[in-house]
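Read the structure below first, then the notes.
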Amino acid sequence: MAKPLLFGRMEIGRVYKIKPAAVSNNWVYKGVLSYEDAVIVSGKPVWPGGLVIALALPPGSRGRQLDEQELAALEDEQLAGYRPKKKAELPPLVGAQEYGELFGGVSEFTVSSAALSGSGQVPAPDYELSGSKVWLLDTVLAHAPTTMEMSRKKIWVLRDEVAAALREGRYAGPGSFFSQRGNKATVNSETGD
């Protein structure tokens with residue numbers, strides 16, 4: 001299965017040559033990009049690649065200019081095979097918070113430690129987005145027997161109901177929401193939205 005191109009704030013900053021904070025403070029604040037267009041993975045927005053690329057202004061224009069070399073490098077790093085334009089086109093994604101919920105409430109710290117240790121209990125992440133490890137749900141589920149087998153205290157137990165909720169897009173547990181940041185958060189807190 002081909003992997004989609006994904007963007008977090010840092011990846012957007014990289015291909016548009018802006019600071020990652022400008023995504024929240026300017027782009028979201030001014031309506032160029034919306035959190036509604038993103039999936040939330042471990043509390044962070046992840047946008048579909050095709051959507052982010054479509055934000056570029058024509059070459060020679062002032063403003064949002066896409067660095068094609070950085071884009072090509074990012075696609076190579078992610079081994080991305082397609083550029084989805086809508087979040088509905090994305091496969092289910094799992095960050096450390098969702099990973100912990102999948103395995104009986106294991107802590108985010110425990111998941112992160114297992115991922116960093118290289119022990120094989122947790123598979124290599126499919127993505128590193130804005131400094132966070134992100135897996136395709138299918139990767140996590142395919143590796144689940146190994147994860148559970150390597151659990152010394154048998155605390156890593158797959159919860160099928162969480163896997164189903166993630167697959168069906170109805171997961172509402174830890175990591176499924178975030179607090180807005182930047183200028184938009186300030187405006188919303190002042191208006192009560």
Side-chain angles (χ1 to χ4, degrees), residues 1 3-12 20 23-24 28 33-49 51-52 78 84-182 184-185 188-189 192-193:
M1 176 177 118
K3 286 173 52 182
L5 177 64
L6 301 177
F7 283 87
R9 289 183 187 94
M10 289 176 68
E11 291 73 27
I12 292 172
V23 174
S24 298
V28 173
L33 192 59
S34 169
Y35 292 126
E36 297 298 318
D37 295 324
V39 295
I40 306 304
V41 180
S42 284
K44 294 182 180 182
V46 174
W47 286 277
L51 172 76
V52 173
Q78 292 186 7
K85 293 191 177 184
K86 296 180 180 183
K87 68 181 179 180
E89 297 173 42
L90 299 179
L93 301 170
V94 175
Q97 290 182 15
E98 295 87 357
Y99 209 125
E101 282 300 299
L102 264 169
F103 287 91
V106 173
S107 75
E108 176 182 1
F109 175 77
T110 301
V111 172
S112 296
S113 294
L116 287 173
S117 75
S119 67
Q121 184 170 14
V122 172
D126 292 294
Y127 298 92
E128 291 271 347
L129 296 173
S130 296
S132 296
K133 294 176 180 1
V134 176
W135 295 264
L136 298 169
L137 177 61
D138 287 341
T139 300
V140 174
L141 295 178
H143 197 79
T146 301
T147 298
M148 290 185 292
E149 184 177 306
M150 291 182 74
S151 176
R152 289 184 185 158
K153 297 179 183 176
K154 302 301 177 201
I155 58 171
W156 293 70
V157 178
L158 182 65
R159 296 171 61 197
D160 293 328
E161 68 277 9
V162 176
L166 283 162
R167 186 166 307 285
E168 295 164 10
R170 57 180 177 77
Y171 175 76
S176 65
F177 58 90
F178 73 101
S179 298
Q180 288 188 347
R181 301 173 181 116
K184 191 76 166 181
N188 285 345
S189 67
D193 290 343

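Values in this document were obtained by computation on a predicted structure and should not be read as measured data. The basis for the numbers below is simple: all heavy atoms, side chains too, and nothing from hydrogens, waters or symmetry mates. Sequential numbering from 1 along the given sequence is applied to the chain's residues.
At a threshold of 4.5 Å between non-hydrogen side-chain atoms, the residues S119 and M150 count as touching. Side-chain contact check for F7 versus L129: every heavy-atom pair is 4.5 Å or farther apart. A heavy-atom distance below 4.5 Å is not found between the side chains of P125 and V134. Counting heavy atoms from C-beta on, the side chains of V94 and L136 never come closer than 4.5 Å. Side chains of E89 and P48 form no contact here, defined as non-hydrogen atoms less than 4.5 Å apart. Counting only heavy atoms from C-beta outward, the side chains of S42 and S132 never approach each other to under 4.5 Å.
Shown here is E149, whose CD atom has no more than 12 heavy atoms of other residues, nucleotides or ligands within 6.0 Å. By the 6.0 Å contact criterion, CD on E36 is open, its count of non-hydrogen atoms from other residues, nucleotides or ligands being 12 or less. The number of heavy-atom neighbours closer than 6.0 Å to NZ of K87, taken from other residues, nucleotides and ligands shown, is above 12. Counting non-hydrogen atoms of other residues, nucleotides and ligands closer than 6.0 Å to NZ of K86 gives a total of 12 or fewer.
Shortest non-hydrogen contact noted between D126 and T139 is OD2-OG1, 2.8 Å. The shortest non-hydrogen separation linking I40 to E98 is O-OE2, 4.0 Å. Closest heavy-atom contact between Q97 and P174: OE1-C, 3.4 Å. Smallest separation of non-hydrogen atoms from W135 and P123: NE1-O, 2.8 Å. Closest approach of S151 to I155, counting heavy atoms only: OG-N, 2.9 Å. What you find for E168 and R170 is that their closest heavy atoms are OE1-NE, 2.5 Å.
Counting only distance, with no hydrogens or angles, the side chain of E11 and the backbone of G8 share a donor-acceptor pair below 3.5 Å. Between the side chain of E101 and the backbone N or O of G173 there is no donor-acceptor pair closer than 3.5 Å. Checking side-chain atoms of S130 against main-chain N and O of M10 turns up a donor-acceptor pair under 3.5 Å. When atom types are taken as modelled, the side chain of H143 and the backbone of G120 share a donor-acceptor pair closer than 3.5 angstrom. Although no hydrogens or angles enter the test, the distance criterion places no donor-acceptor pair under 3.5 Å between the side chain of E108 and the main chain of G100.
Look at D160 and R167 and you find no salt bridge, because none of the NZ, NE, NH1 or NH2 atoms lies under 4.0 Å from a carboxylate O.
Here the CG atom belonging to D138 is positioned 10.5 Å from the CG atom belonging to L93, to the nearest 0.5 angstrom. Annotation: the span from L158 atom CG to F103 atom CZ amounts to 5.0 Å, rounded to 0.5 Å.
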After noting the C-alpha distance and the side-chain angles of L137 and L102, does the key distance pass the side-chain contact (heavy atoms from CB on, under 4.5 Å) rule?
CA-CA 10 Å; L137 177 61; L102 264 169; 3.8 Å; yes

Are L33 and L51 close enough, and set up right, to give a side-chain contact (heavy atoms from CB on, under 4.5 Å), and what steps lead you there?
CA-CA 9 Å; L33 192 59; L51 172 76; 4.1 Å; yes

Apply the test side-chain contact (heavy atoms from CB on, under 4.5 Å) to residues Y127 and V46: give CA-CA distance (whole Å), side-chain angles for both, the deciding distance (0.1 Å), then the verdict.
CA-CA 11 Å; Y127 298 92; V46 174; over 6 Å; no

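Here T147 pairs with nothing under the side-chain hydrogen bond (donor to acceptor under 3.5 Å, both in side chains) rule; sequence neighbours left out. Shown here are the side-chain hydrogen bond (donor to acceptor under 3.5 Å, both in side chains) partners of S112, two or more places apart in sequence or in another chain: there are none.
Aromatic ring pairs are classed by plane angle as parallel below 30°, tilted from 30° to 60° and perpendicular above 60°; the pair Y35 and W47 is parallel.
No cation-pi contact links K133 to Y99, judged by a cut-off of 6.0 Å to the six-membered ring centre and 45° from its axis.
Defined by atom type and a distance below 3.5 Å, a donor-acceptor pair is missing between the side-chain atoms of Q121 and T146.
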